[in-house]
Asks: 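One structure, pasted below without further comment.
Protein chains get the first letters and strands the later ones, always in sequence-line order, with residue 1 at the start of each.
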Amino acid sequence: MTEELSKQYNPKETEEKWYKTWEENNLFSAKVSPEKSAYCIVIPPPNVTGILHMGHALNNTIQDILIRYKRMKGFSSLWMPGTDHAGIATQNVVERSLAKEGLKRQDLGSEKFIAKVWDWKEQYGSTIIRQLKKLGASCDWSRERFTMDEEYSKAVRNAFVSLWSKKPTGLIYQDDKIINWCPRCQTALSDEEAPHKELQGNLYYLKYPLKDSINEFVIVATTRPETMLGDTAVAVNPKDKRYKKLIGKTLILPLVNREIKIIADNLVDMNFGTGAVKVTPAHDPNDFALSARHRLQLINVMYPDGKMNENSGDYKDMDRFEAREVILEDLKERELLEKVEPHPLSAGHCYRCHTIIEPYLSKQWFVKMKSLAKPAIEAVKKGKIKFYPPRWKKVYLNWMENIQDWCISRQIWWGHQIPVWYCSDCKKNIMASVETPLKCTKCGSTKIYQDKDVLDTWFSSWLWPFATFKNKVDLQYFYPTSTLVTAPEIIFFWVARMIMAGLEFQGQIPFKDVYIHGTVRDIEGKKMSKSLGNIIDPLEIIKEYGADALRFSLISTTAQGQDVYLSKDRFEQGRNFANKIWNASRFILMNLKAENVNADLCVFFKNEKLDIANRWILSRFYSTLKKTEEDLAVYRFNEAANNLYSFFWHEFCDWYLELIKPQIDQKQTQLIMYKVLEKFLRAIHPFMPFISEEIWQRLPGAKGSIMQQSWPHLQKNLISNSDEKQMQLAFDIINTIRNMRAQMEIGLASQIEIKLTFCDKSVEKTISSLISHIKNLAKVGNLTITEIYQPQKNEFVCALKDLNIVMPLSGIVNVAEQIEKNQAKIDKIKSEIKNKEGMLANKNFLSRAPKEIIDAERTKLKDMYEQVDKLEVIKNGLR
RNA sequence: GGGCUCAUAGCUCAGUUGGUUAGAGCGUUGCGUUGACAUCGCAAAGGUCAGUGGUUCAAGUCCACUUGGGCCCACCA
């Protein structure tokens, strides 16, 4: 009917062709349609610097499945796409490219540098978007957003000012605190951006001499000896008898010869180290807190780049780790290094460049979080927002309930500049404003300047679910969004903060469901990362196996919320499946007469009695469809994918198509095989969009794109347990005969004769409609049905439930072997009978188990008795 | 220190509220080119469900502990 299909599916040309067509026909665009319900997902915006990795592939495949499914289900289904400006990450990338020209960003100045970043963004920023398209992502690209777009930036400033002016006291404040400082990126980081990692370090015991008796010492233990240059006290626990007498005495800080006091504070753990702690308020959060209580001096000993500063005497300009070594040498020389013990410790690391962060005293902007967290905790506790899998709820709540203020200022250049202005004249006014102010609101001076810092990238990302909508109508229709699909790593960074922002700025939760998928790992369980060199590049897989194969393999191996361990050969499964779909379709299309597929199924049912094979495949299809819908409703994507897979491959292809080959020209068979294929294509489309479209377009009745079709309507009335059971009997018989052939080493080339013998009359009737199918698939020349009879020596007999399957043999049968096999079977069933008998004799079981279970067990036991009886007869017959 | 998670076939993993004789993909073995597909078909081998104890009529599934992986959080210098 159409041009000949190739023997193998060729994803490459197919995928490019259809993605283009979909885009050109605006099939991804979602409109406000009052007659439809809205379904909306906002993409976790990838960094503009991003290139597609397996994590993205998994994340976006899941979203695309949901979006395509809901679209077919009749929702106005919007997948809102965009990218994140990713402050530090992007700045680092551009800085690296500048470095190749021997330049630093300081050489350009902030304005030129920012222009450079925009250039870079224009040139490379859409890489990841192009890659998402290769994956088949059906985002509404006409709505693509960037977190530094003008409108989006305005939303960011609005949010800032709104928090600033929140009554009764603003939620934004500036303060000197110990923050996480990355000496390489030279910026403050939030706590979330400085994850702790275990390090093998040392505990150094330093001797600080007493001023009054220079030969007496207090020994302190530290993991960062270089910070001793900034010590302004030594603290002990007031209850510590060892030091009681020394409290209030003065020590001479070695190397710097500063006089420092011994103070008492309950914070000190008597059991750790020596019980005496050096206090470095400018370089340790605990010490800082302590210094406030004891009014200690704060001495910062480092420059922002991690080198020792002018307060470090001879160590000035040494890197902090170099200074550590030299200081230790110097102390050793003066016999002030008591000992060194190996000591595991954990230190914060910059999440962008992995440099060990320095706790560092500086003036930063913070958001008070407690009051924002409160409604966000409620929303999850009350179930307005649900986590899938639910265990993440606990993680979320635990973090939210212990939330700390959020450091939002960054000392980088690329980002949203903090919308705060200072007055150079009166020097007292600090103004926050959405629009750039022209003059000081207090003294009227025009000499005002904006804060140089920029906002944390996440201060813009947390607005994503609503700031992406440009107009109110869209916002009202699509917000709150439906599902958020993301990875566990960013629950705190992003998910939690979006919930707070949604409630704070919109008065409504941002999404109803949060689906947290696993992390993609390599086959050894390591996280896939460039530095480990264990990456499987999704684009390579797409090239080699096709996007559908990539998508299907990923999804079918990803159980809900479990991490995914991937190796390359995994993707063969997806490729093979695509090829299977291709070839089954090819076979059907080759044999299909267009005039046969127009009939309406319902009318057809009224007029014609369907063959068992046709009834069966319809029943199985709808059973599968039902299960698929149930699985998708609770985000069990692997189950859904695997159901469709095994239905299509093992039921539709392996059984059904083989069953109907002899009757393929029949009207009803033509119609049913076509209908099932057509419906299957629609059901598999969210998972494998490209191949389903390619075949769809070749169907004789196809109108428009498969994307525009509705999800198959679930016809429960076509699910028939009795049909499925009846067909199963045929399969059992066929399998048994195949098995007998294999055992007797009778190839398919030799025609065989089979007798089915039965004891129950009703079986005869059931079997009669199966005969032709059995003969066909088991390659039986002559099949006869008779009442039970005495087996002969030249017959090979297998028992199957109510039947005996008898294969008369012309040659010699290995009787001993057959008897042995029979005996093994008998023994096995007998042991199962023993179990069942015990079970059914148990009064507790009879009184407490549900009736259905008991009945089922009784039936099973009865069947087993019969089977054993028959096997015994066969055995005796053979003797 | 607190929390989460995993342990099921040679490998990678499913197994939804406890209820048939525990499944799949890959791999292995044997057979097979019948006109959809060798990226295929048919058949087979392979598991005391990490260990111990408990709850239950019934446990891979629930509980406790043990062992061994992975992850997250936490201000022990």
Asks: Expressed in whole Å, how much space separates the P atoms belonging to G70(B) and C75(B)?
Replies: 24 Å
Asks: Looking only at atom types and distance, does a side-chain atom of T274(A) sit under 3.5 Å from a main-chain N or O of I219(A), one as donor and one as acceptor?
Replies: yes
Asks: Any donor-acceptor pair under 3.5 Å linking the side-chain atoms of E639(A) with those of N643(A)?
Replies: no
Asks: Say you pick atom C1' in A36(B) and the same atom in C40(B); how far apart are they, in whole Å?
Replies: 10 Å
Asks: Roughly how far apart, to the nearest Å, are U8(B) and U48(B) at atom C1'?
Replies: 12 Å
Asks: Where the side chain of R741(A) meets the backbone of K779(A), is there a donor-acceptor pair that is under 3.5 Å apart?
Replies: yes
Asks: Between G35(B) and G41(B), how many Å separate the two C1' atoms, rounded to a whole number?
Replies: 15 Å
Asks: For RNA chain B, whose closest nucleotide is more 5', that of N739(A) or that of A559(A)?
Replies: A559(A)
Asks: Give a yes/no on whether any side-chain N or O of N576(A) is located under 4.0 angstrom from OP1 or OP2 of C37(B).
Replies: no
Asks: Taking atom types as modelled, is there a side-chain donor on E724(A) or S623(A) under 3.5 Å from an acceptor on the other?
Replies: yes
Asks: Would you state whether a donor and an acceptor, one from the side chain of K7(A) and one from the base of A38(B), lie under 3.5 Å apart?
Replies: no
Asks: Roughly, in whole Å, what's the span from CZ in F577(A) to P in A38(B)?
Replies: 17 Å
Asks: Would you mind telling me which of A36(B), C40(B), A43(B) lies closest to the side-chain atoms of R586(A)?
Replies: A36(B)
Asks: Indicate yes or no for a side-chain donor-acceptor contact from N579(A) to the backbone of R575(A) under 3.5 Å, with no hydrogens or angles considered.
Replies: no
Asks: Could you run through nucleotides 72-77 of chain B and give me one letter per nucleotide, 5' to 3': B if any protein heavy atom sits under 4.0 Å from the base, S if only the sugar-phosphate is that close, - if neither?
Replies: -S-BBB
Asks: If you measure from the P atom in U55(B) to the same atom in G15(B), how many Å do you get, rounded?
Replies: 28 Å
Asks: Take the protein atom NZ of K851(A) and the nucleotide atom P of A58(B), then report the distance between them rounded to whole Å.
Replies: 22 Å
Asks: Side chains of Y205(A) and E341(A): do they bring a donor and an acceptor to under 3.5 Å?
Replies: yes
Asks: Compare the minimum distances between each of A36(B), A43(B), U16(B) and the side chain of K627(A), then state the nucleotide with the smallest one.
Replies: U16(B)
Asks: For N583(A) and A36(B), what is the distance between atoms CG and C1' respectively, to the nearest whole Å?
Replies: 5 Å
Asks: For a quick check of understanding: with a heavy-atom distance under 4.0 Å over all strands, which category does E572(A) fall into, base, sugar-phosphate or nothing?
Replies: nothing
Asks: If the P atom of C4(B) is compared with that of C11(B), how far apart are they to the nearest Å?
Replies: 29 Å
Asks: Could you check how far NZ of K661(A) sits from C1' of C42(B), rounded to whole Å?
Replies: 13 Å
Asks: Describe the nucleic acid contact of K394(A) in one word from base, sugar-phosphate, nothing, applying a heavy-atom distance below 4.0 Å.
Replies: sugar-phosphate
Asks: Between U5(B), A14(B), C26(B), which nucleotide has the shortest distance from any of its atoms to the side chain of R391(A)?
Replies: U5(B)
Asks: Mind checking the CG-CZ spacing from N642(A) to F577(A)? Nearest 0.5 Å is all I need.
Replies: 9.5 Å
Asks: Assign N735(A) to base, sugar-phosphate, or nothing according to its heavy-atom contacts below 4.0 angstrom with the strands shown.
Replies: sugar-phosphate
Asks: Is there any salt bridge (Lys or Arg N to Asp or Glu O under 4.0 Å) pair reaching into residues 389-404 of chain A, and which pairs are they, with sequence neighbours excluded?
Replies: K381(A)-E401(A)
Asks: Tabulate atom names and distances for all N/O pairs under 3.5 angstrom spanning the protein and nucleotides 29-32 of chain B.
Replies:
none

Asks: May I have the distance from R575(A) (atom CZ) to A38(B) (atom P), rounded to whole angstrom?
Replies: 12 Å
Asks: Determine the Euclidean distance between corresponding C1' atoms of U12(B) and C62(B); express it in Å to zero decimal places.
Replies: 27 Å
Asks: Return the CD1 to CZ distance between I695(A) and F680(A), rounded to the nearest 0.5 Å.
Replies: 9.0 Å
Asks: Is the ring centre of Y360(A) less than 6.0 Å from the ring centre of W181(A)?
Replies: yes
Asks: Show me the protein contacts with nucleotides 18-22 of chain B, counting only N or O atoms at under 3.5 Å.
Replies:
from	atom 1	to	atom 2	distance (Å)
U21(B)	OP1	K836(A)	NZ	2.7

Asks: Is it the case that the side chains of S556(A) and N638(A) hold a donor-acceptor pair, with the cut-off being a distance below 3.5 Å and no angle test?
Replies: no
Asks: Dot-bracket, 5' to 3', for RNA chain B please: Watson-Crick or G-U pairs under 3.5 Å, [ ] where pairs cross earlier ones, | where the partner sits on another strand, dots elsewhere.
Replies: (((((((..((((.....[...)))).(((((.......))))).....(((((..]....))))))))))))....
Asks: Flag yes if more than 12 heavy atoms outside K207(A) fall under 6.0 Å of its NZ atom; otherwise flag no.
Replies: yes
Asks: How close or far is atom C1' of C11(B) from atom CD of Q573(A), stated in whole angstroms?
Replies: 14 Å
Asks: More than 12 heavy atoms of other residues, nucleotides or ligands under 6.0 Å from CG of N721(A): yes or no?
Replies: no
Asks: F552(A) CZ to G25(B) C1': how many Å, rounded?
Replies: 10 Å
Asks: Is R636(A) near enough to G15(B) that one of its side-chain N or O atoms lies under 4.0 angstrom from OP1 or OP2?
Replies: yes
Asks: Output the distance between atom CG (D548(A)) and atom CD1 (I581(A)), rounded to the nearest 0.5 Å.
Replies: 8.0 Å
Asks: Could you go through Y645(A) and W649(A), starting from their C-alpha distance and side-chain angles, then the distance that decides it, and tell me whether this counts as ring pair (Phe, Tyr, Trp, His ring centres under 6.0 Å)?
Replies: CA-CA 6 Å; Y645(A) 175 93; W649(A) 198 309; 5.5 Å; yes
Asks: Mapping N591(A) and L846(A) to their closest nucleotides on RNA chain B, which lands nearer the 5' end?
Replies: N591(A)
Asks: Of all heavy-atom pairs between R224(A) and K278(A), which one has the smallest distance, and what is that distance?
Replies: O-NZ, 4.2 Å
Asks: Short of 4.0 Å, heavy atom to strand atom, which residues of residues 637-658 of chain A count as contacting RNA chain B?
Replies: N638(A), E639(A), Y645(A), W649(A), H650(A), C653(A), D654(A), E658(A)
Asks: Check every atom of C37(B), C6(B), C26(B) against the side chain of Q562(A) and return the nucleotide holding the closest atom.
Replies: C6(B)
Asks: Does the gap between the ring centers of F272(A) and H343(A) come in under 6.0 Å?
Replies: yes
Asks: Where the side chain of Q404(A) meets the backbone of N402(A), is there a donor-acceptor pair that is under 3.5 Å apart?
Replies: yes
Asks: Can you tell me, in whole Å, how much space there is between the P of G1(B) and that of G10(B)?
Replies: 36 Å
Asks: Parallel, tilted or perpendicular: which fits the ring planes of F637(A) and Y635(A), with parallel below 30° and perpendicular above 60°?
Replies: tilted
Asks: Rounded to whole angstrom units, what separation is found between the OH atom of Y545(A) and the P atom of C26(B)?
Replies: 13 Å
